[in-house]
2 protein chains.
Amino acid sequence: MGLRERKKARTRLAILDAALDLFLEQGYDSTTVDQIAGSVEISPRTFFRYFTGKDHLVLGFHDQGVEIMMDTLRGRPTDEPPFTSLSHALRAVTRDMEDSTPEDAARFLKLRRIFDDNPRLVGLSVAKVAETEHALVREIAARRGVDPDSDRLSRLIVAFAMSTMRVGFECPLHDVADLNEIVRRMRETIELAEGLMRPDLNPADWNPTDPNTPDSNTPDSNTAERDTVDRDGSHRDA
Amino acid sequence: MGLRERKKARTRLAILDAALDLFLEQGYDSTTVDQIAGSVEISPRTFFRYFTGKDHLVLGFHDQGVEIMMDTLRGRPTDEPPFTSLSHALRAVTRDMEDSTPEDAARFLKLRRIFDDNPRLVGLSVAKVAETEHALVREIAARRGVDPDSDRLSRLIVAFAMSTMRVGFECPLHDVADLNEIVRRMRETIELAEGLMRPDLNPADWNPTDPNTPDSNTPDSNTAERDTVDRDGSHRDA
DNA sequence: TGTAATATGTCACCGACTGACATAGATTAC
DNA sequence: GTAATCTATGTCAGTCGGTGACATATTACA
């Protein structure tokens, strides 16, 4: 990696850290791009060459998450119920959080506190999620052998999974400075979501136009499999 | 209603209609507030006294929807499973759409086409949903007798319900100019979502810390009840 | 060292949005 | 009907986020 690349990476992080600190000190809305640029001795114009906008500073983490989910998804067996695959993908994200460097962990905690102070950011966050969701829908639809554009079941399942992640993230904490607690909460939320879904239902062979079909599903050994899945939080599958 | 009120209502609708038409003609982003204001002979400053911003024009419908959902929710029996209550609330919104005046129906169809052309608006829409969601969470949590802030199950269920609505709204149509088809799609999506959830599970008596509890639930007569619920789309309960 | 690639800064600009103030119109009291 | 009041609107100036264009400084490579 050349000098150029390294310097770029360094200033990028400098901007990010300066911004997060400013957001914590004086709030997201009250902090201007000029301030951020000024505090890292950078022209405001340059700021926009590193980040597409102020939101990018605070929403950038999400791209990484989706990437991890996509990788995990591709590694899961095709005959697995879609929501189970997505649960694994979500857990992979939490594992990545655990394995992050101390610097990234600190950034994440700051981010979390910033989100707490600015509910509007949660909205922005889900907006970004909704726009990125399509990649996941395509993947899920492909596994189920259906058309990603017209199939609503795939969209629903993905939307549920992403909602789960959001609820897990924004849920109130006792100690906001503990990354492990955040991770634990997220995993609990994922389990909660799994508990809400029909465990015996593989939507691949469910025909919504005929309401009787799902009832014929047998609550077979899937339950046992789900239990083992629930407990292997430390297992890597990506 | 005095002359003042009437005039205000009239200009408000004039602004809205002019804006929707402009959005359709030249796109949402390419349309400026000055243009909208100009086309209704209004000062740009006045525009912002009627609408909080450009998004308000396109996201305003949502407030009405949440209001209907809240009213419906309050009319549902307390012992009903939360997602069932929310399904009814969602259906109430679709019924309201059906019963809307021809003018409102036309506006809604325009809106739908605008959303199709500008995927970013879908993001903005869910952002607004996420910010409004809290009222619904509080209602659901109150019915379940739990703390709205700490209880994740209530949040999850509400998030799922709102996701359902979004998926139903944005799903591709054969005829974008037919409000009935949109309504039909939404109801199908609601049914789909209901099929994804455990029908026999009332989360009120499910303890997530003990994974064995939900398995002990019996798939009893609830299933039958759900079927009748699925078909009374034309029944008013608000 | 010289040259091409690229990162940065400067400047001018647009569009969304807001506060302050003046004015024109509608409402009410008398 | 007129005066006094309330409020809706317009004007103006200004802030902030964001972008294109162009010049310049820095790095990479031969």
Side-chain angles (χ1 to χ4, degrees), chain A residues 1-16 18-20 22-23 25-60 114 117-121 123-125 127-128 131, chain B residues 1-23 25-60 114 117-121 123-125 127-128 131:
Chain A
M1 190 158 63
L3 199 158
R4 228 171 202 157
E5 305 282 326
R6 268 182 296 154
K7 190 180 175 187
K8 271 180 72 174
R10 214 174 336 120
T11 54
R12 184 185 173 84
L13 284 181
I15 296 174
L16 180 60
L20 292 182
L22 283 171
F23 291 160
E25 284 172 31
Q26 36 179 338
Y28 178 79
D29 289 311
S30 313
T31 304
T32 145
V33 172
D34 292 36
Q35 283 179 339
I36 301 170
S39 84
V40 283
E41 322 259 34
I42 280 294
S43 142
R45 189 65 182 87
T46 303
F47 169 87
F48 288 106
R49 293 196 175 99
Y50 281 91
F51 296 91
T52 60
K54 231 168 87 174
D55 351 353
H56 193 188
L57 288 163
V58 109
L59 266 43
I114 295 169
D117 296 339
N118 301 75
R120 215 189 93 238
L121 291 183
L124 282 188
S125 176
K128 175 140 196 177
E131 290 169 48
Chain B
M1 187 157 64
L3 199 158
R4 227 172 203 158
E5 306 281 327
R6 269 182 296 155
K7 190 181 176 188
K8 271 180 71 173
R10 214 173 339 117
T11 54
R12 184 185 172 86
L13 284 182
I15 297 174
L16 180 60
D17 286 328
L20 291 183
D21 286 335
L22 283 171
F23 291 161
E25 283 172 32
Q26 36 178 338
Y28 178 79
D29 290 310
S30 314
T31 304
T32 142
V33 171
D34 291 36
Q35 282 180 341
I36 301 171
S39 85
V40 281
E41 323 258 36
I42 281 294
S43 141
R45 188 67 183 87
T46 303
F47 169 87
F48 288 106
R49 289 199 251 260
Y50 280 91
F51 296 92
T52 61
K54 232 168 85 175
D55 358 1
H56 194 188
L57 289 163
V58 108
L59 265 43
I114 295 169
D117 295 339
N118 301 74
R120 214 189 93 238
L121 291 183
L124 281 186
S125 175
K128 177 141 195 177
E131 290 170 49

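All chains are named by letter (A, B, ...) in the order of the sequence lines, taking the proteins before the strands, and each is independently numbered beginning at 1. Everything numeric in this text was worked out from a predicted model, so none of it was measured. Keep in mind that the numbers below use all heavy atoms, side chains included, and drop hydrogens, waters and symmetry copies.
B:K54 places a side-chain heavy atom less than 4.5 Å from the side chain of B:F23. When side chains are defined from C-beta on, B:Y50 counts as touching B:T11, because their heavy atoms get closer than 4.5 Å. Within the 4.5 Å cutoff, the side chain of B:L59 has no heavy atoms near those of the B:F51 side chain. Proximity of A:L20 to A:L57: side-chain heavy atoms (C-beta onward) are nowhere separated by under 4.5 Å.
If you measure from atom CG of A:L3 to atom P of C:dA7, you get 12 Å, rounded to the nearest angstrom. Regarding A:H56, its NE2 atom lies at a distance of 17 Å from the P atom of D:dG17, rounded to whole Å. The nearest whole Å value for the distance from the CG atom in B:L22 to the C1' atom in C:dA16 is 16 Å. Taking atom CD of residue B:Q26 and atom P of nucleotide C:dG15, one finds them 11 Å apart after rounding to whole Å. Counting to the nearest Å, the P atom of D:dG18 and the CG atom of B:D29 are 13 Å from each other. Taking atom CD on B:Q35 and atom P on C:dA16, their separation rounds to 9 Å, with Å as the unit. One interatomic measurement links the two molecules: CZ of A:R4 to C1' of C:dT8, which rounds to 11 Å at whole-angstrom precision. Rounded to whole Å, the distance from OH on B:Y28 to P on C:dG15 is 15 Å.
Between C:dA7 and A:K8, a contact under 4.0 Å exists linking OP1 or OP2 to a side-chain N or O. Between B:T32 and C:dA16 there is a side-chain N or O to OP1 or OP2 distance below 4.0 Å.
Contact annotation for B:S30: no contact, since no heavy-atom pair falls under 4.0 Å across all strands. Across all strands, B:K54 comes closer than 4.0 Å only to sugar-phosphate atoms, never to a base (heavy-atom distances).
Of the charged side-chain nitrogens involved, at least one lies within less than 4.0 Å of a carboxylate oxygen, so that A:R120 and A:D29 count as a salt-bridged pair.
Of the residues in residues 38-51 of chain B, those placing a heavy atom less than 4.0 Å from an atom of DNA chain C are B:R45, B:F48, in numerical order.
Comparing B:K7 and B:D55 against DNA chain C, the residue whose closest nucleotide sits nearer the 5' end is B:D55.
Closest heavy-atom contact between A:G123 and B:A127: O-CB, 3.2 Å. B:V40 approaches B:A14 most closely through the heavy-atom pair CG1-O, 3.5 Å.
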